[in-house]
Structure formats: C-alpha cells, structure tokens
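Structure record follows, encoded as structure tokens.
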Number of protein chains: 2
Amino acid sequence: MAEYMSYEEYLANVKKGILTDRGNCPVTPLLTMLRGKWKTQVLYEFCVHDRVRFCQLKKDLPGITNTMLSTTLRELESDGLIFREQFNEIPPRVEYGFTEMGRDLLPVFYEIMRWGFKHENEVLAGSVD
Amino acid sequence: MAEYMSYEEYLANVKKGILTDRGNCPVTPLLTMLRGKWKTQVLYEFCVHDRVRFCQLKKDLPGITNTMLSTTLRELESDGLIFREQFNEIPPRVEYGFTEMGRDLLPVFYEIMRWGFKHENEVLAGSVD
DNA sequence: CAGGATCCCAAATGATACTG
DNA sequence: CAGTATCATTTGGGATCCTG
C-alpha cells in the first residue's frame, strides 16, 4: 500500500503527524546508512561501474585510506546496499557492486540533485564559512 | 538547465561519471546538512507545525537536551533550511519554521520514504544488530 | 591484492548547572 | 522561556605498519 502512496497523500499524512521519523517513515535509517565521509563517494563508483575492485576504488577516491575504504565497504555491505564477491585466486580478487536495494537509491539521488540545483545559490552561500 | 534534466538524462550522466559527488552533483551538501542525530526529527516538526517554539520542540522530542536542540536549530538556520523569529517579550518567545528551501525537502523525503517502504524488510533485517 | 591491527586525534553527543 | 557554559564521554576519521 505504502508504495502506491501519492505525493499528495504523503504530504497529508506528514502534516497529520502520522508519518513521523520515530514512526512509520523510514528516513533516518537511510540517512544513517549514508552517514560517513566516504559513503556517497563510494556509492557513486557503483553508479559508474557495475563491478569494482578494491584497488580500483582506492585509485578513484584520492585520499581514502585502506582502513576507511574497508570500513565503508563493510558497512555498505552489511546494510545491504552493495554486494561483495570474493574469488579464490592468487593474488586475491574481490569485486563490489550495487545490490538492487542499492541501485534503487538512484531516484533518491536524483531528487536530491534536483533540490540541490534549485537551491544552488543558497547552498553555496551557506558553505562560505 | 539542470532543473529540467530528466531522470533518464540523469542516469546517463551519472553513468558517464559526469555527475560525480566531487563534481556537479550536490548530494553531499544536503547530506551534510542532514547530518546529526536530531536533524530529521526536528525537521519533521516543521512538517507538522508551520511555526514551533523552542519549548514545544523539547516536548515533542523526548530525550533531546537544551544543548543539542539549540545546536541543531542553529545549524539548520545557518544552512537556510529553517527561519528563526524572535519576539521581544517577557518571557521570551522564539518561533521556528521552514524556509522555502527547507519545505522543498519534502519531495526528497517522499522519495526516501518510497525507497524505505519498498525495502522495508531488508532495512529492518539489517538493523537487528 | 585486499585487507586487518593498533594507536592517536578530532568531532559529535550528552550531563549538569547556570542566566537574561 | 530560551537558551549558554563547562566538562565528560562516545564516535568518527586517519596514519602507520603488518599479513595471508
């Protein structure tokens, strides 16, 4: 049912306080999953490449350390947003990529992008400090 | 131009790596604004009430301290998502509410809610720990 | 190659007390 | 009422070195 809730229904329910953050509306869980300095940057890699290896991610993300990349990947995998496939080869090979759940974030990112472009000037003004 | 980019165009540009997180796509700025334990919970209050006072927010957000509520509100205001109106009365009265930029987050939250409901079971499974 | 282990610093959060 | 000040605690992030 909830999947088919229209934007107008959503607005009405939010206004009524039915869809609160501590209730039925799962906004915080996703934001928690995306929390962390490298989360979205890593996720973007999976938008570009269907499968990426650890060392490729390191190359594409200047400044990230082994520790942070490893931690970030483990959290994203644990949250179900990406998969991890390990090949028993020497040298080792591990590939990462979006799960369906992870790929379904794209409409969310699209909406964030629209918001960002609409308020581009204000956002930039606020980030001066 | 960017405001009119369709979802299909967006997907194509993301795939090409044109809209990266370190480039033209403002995903991180918003996520940074929403970062913090109480951010979305406070924002939800403004979805329900057009104008809310400090003490009302405290009542509606069990567990929040003066410090955290004050800090959260100052950050949201500094980012331009909410306004703050102070009345020179005794006892003091201060009201907070959405700016247009803040209210424009609702389509984003709607998209997150759709994602959340679609993957409800997986999200809950991951949050067991 | 793909990481794990360890240690250190910075930022976020929280408890408590106080003020115009 | 609407906060601020101070201090303690927890979490996040990073540097460096090591390993199957």
Side-chain angles (χ1 to χ4, degrees), chain A residues 21-22 28-43 45-46 49 51-79 81-97 126-127 129, chain B residues 21-22 28-43 45-46 49 51-79 81-97 126-127 129:
Chain A
D21 206 31
R22 296 178 303 286
T28 298
L30 176 57
L31 258 34
T32 302
M33 291 180 186
L34 299 184
R35 205 165 162 174
K37 182 175 177 181
W38 300 98
K39 286 290 174 66
T40 53
Q41 299 183 52
V42 168
L43 288 179
E45 293 299 310
F46 302 122
H49 319 285
R51 288 173 160 265
V52 204
R53 297 178 61 170
F54 192 91
C55 68
Q56 181 66 40
L57 289 167
K58 271 203 71 172
K59 275 184 241 167
D60 292 347
L61 300 168
I64 199 168
T65 60
N66 282 352
T67 312
M68 286 314 296
L69 179 53
S70 180
T71 304
T72 302
L73 289 170
R74 259 191 288 107
E75 288 174 359
L76 291 174
E77 189 203 0
S78 161
D79 286 333
L81 298 177
I82 64 170
F83 69 81
R84 175 182 189 277
E85 189 173 6
Q86 180 172 352
F87 301 86
N88 288 321
E89 304 173 356
I90 293 180
R93 178 160 63 102
V94 179
E95 292 183 352
Y96 296 90
S127 66
D129 55 2
Chain B
D21 206 32
R22 297 178 303 284
T28 297
L30 177 57
L31 259 35
T32 302
M33 291 180 186
L34 299 183
R35 200 166 165 174
K37 182 175 179 182
W38 301 98
K39 286 289 175 66
T40 53
Q41 299 184 50
V42 168
L43 288 178
E45 292 300 308
F46 302 121
H49 318 284
R51 288 173 160 264
V52 205
R53 296 178 63 170
F54 192 92
C55 66
Q56 181 67 42
L57 290 168
K58 270 204 72 173
K59 276 184 243 168
D60 293 347
L61 301 168
I64 198 168
T65 59
N66 283 353
T67 312
M68 286 313 297
L69 179 53
S70 180
T71 304
T72 302
L73 288 170
R74 259 191 288 107
E75 288 175 358
L76 291 174
E77 189 203 358
S78 161
D79 286 334
L81 297 177
I82 64 170
F83 68 82
R84 176 184 188 276
E85 188 173 5
Q86 181 172 352
F87 300 86
N88 288 321
E89 303 171 359
I90 293 179
R93 179 160 62 101
V94 179
E95 292 182 352
Y96 297 89
S127 66
D129 53 3

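When reading the values below, keep in mind they use all heavy atoms of this one structure, side chains included, and skip hydrogens, waters and symmetry mates. Chain A is the first sequence line, chain B the second, and so forth, proteins listed ahead of strands; every chain is numbered from 1. Note that the coordinates shown come from a computational prediction; the quantities given were computed from them, not determined experimentally.
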| request: Could you pull out all residues at least two apart from B:Thr40 that satisfy side-chain contact (heavy atoms from CB on, under 4.5 Å)? | output: A:Asp21, A:Val27, A:Thr28, A:Leu31

| query | How long is the gap from CZ on A:Arg93 to CZ on A:Arg51, to the nearest 0.5 Å? | reply | 8.5 Å

| Taking atom NE2 of A:His49 and atom CD of A:Glu95, what is their separation to the nearest 0.5 Å? | 12.0 Å

| request: Kindly give the heavy-atom pair with the smallest separation between B:Phe83 and B:Glu85, and that separation in Å. | output: CD1-N, 4.1 Å

| remark: Rounded to whole Å, CG of B:Asn66 lies from C1' of D:dT6 at a distance of 14 Å

| request: Would you mind building the protein contact string for nucleotides 9-15 of chain D? One character per nucleotide, 5' to 3', B for base within reach (heavy atoms under 4.0 Å), S for sugar-phosphate only, - for untouched. | output: ---SSSB

| query | Given D:dG3, is OP1 or OP2 found less than 4.0 Å from the side-chain N or O atoms of B:Tyr96? | reply | yes

| B:Leu73 CG to B:Glu45 CD distance, which is reported to the nearest 0.5 Å | 10.5 Å

| said: Quick one, A:Ile82 and A:Val42 - any side-chain contact, counting heavy atoms below 4.5 Å? | reply: no

| Nearest-Å distance for atom pair CG/P, residues B:Leu69 and D:dA5 | 16 Å

| said: Are B:Phe46 and B:Leu81 packed together at the side-chain level, in the sense that at least one heavy-atom pair is separated by less than 4.5 angstrom? | reply: no

| message | Can you give me the first and the last nucleotide of DNA chain C (5' to 3') that has an atom within less than 4.0 angstrom of a non-hydrogen atom in chain B? | response | C:dT13 to C:dG20

Check residues 60-69 of chain A and write down every donor-acceptor pair under 3.5 Å in which the side-chain atom is one partner and the other belongs to a residue at least two apart or another chain.
| from | atom 1 | to | atom 2 | distance (Å) |
| --- | --- | --- | --- | --- |
| A:Asp60 | OD1 | A:Gln56 | NE2 | 3.1 |
| A:Asp60 | OD2 | A:Gln56 | NE2 | 3.3 |
| A:Thr65 | OG1 | A:Met68 | N | 3.2 |
| A:Asn66 | OD1 | A:Lys58 | NZ | 3.0 |

| said: For A:Arg84, give me all partners under side-chain hydrogen bond (donor to acceptor under 3.5 Å, both in side chains), at least two apart in sequence or on another chain. | reply: A:Gln86, A:Tyr96

| task | Specify the closest pair of heavy atoms between A:Lys39 and A:Thr72, including all atoms of both residues, with the distance to one decimal. | result | CD-CG2, 3.9 Å

| message | So if I take residues 83-92 of chain A and measure heavy-atom distances to DNA chain D, which residues fall below 4.0 Å? | response | A:Pro92

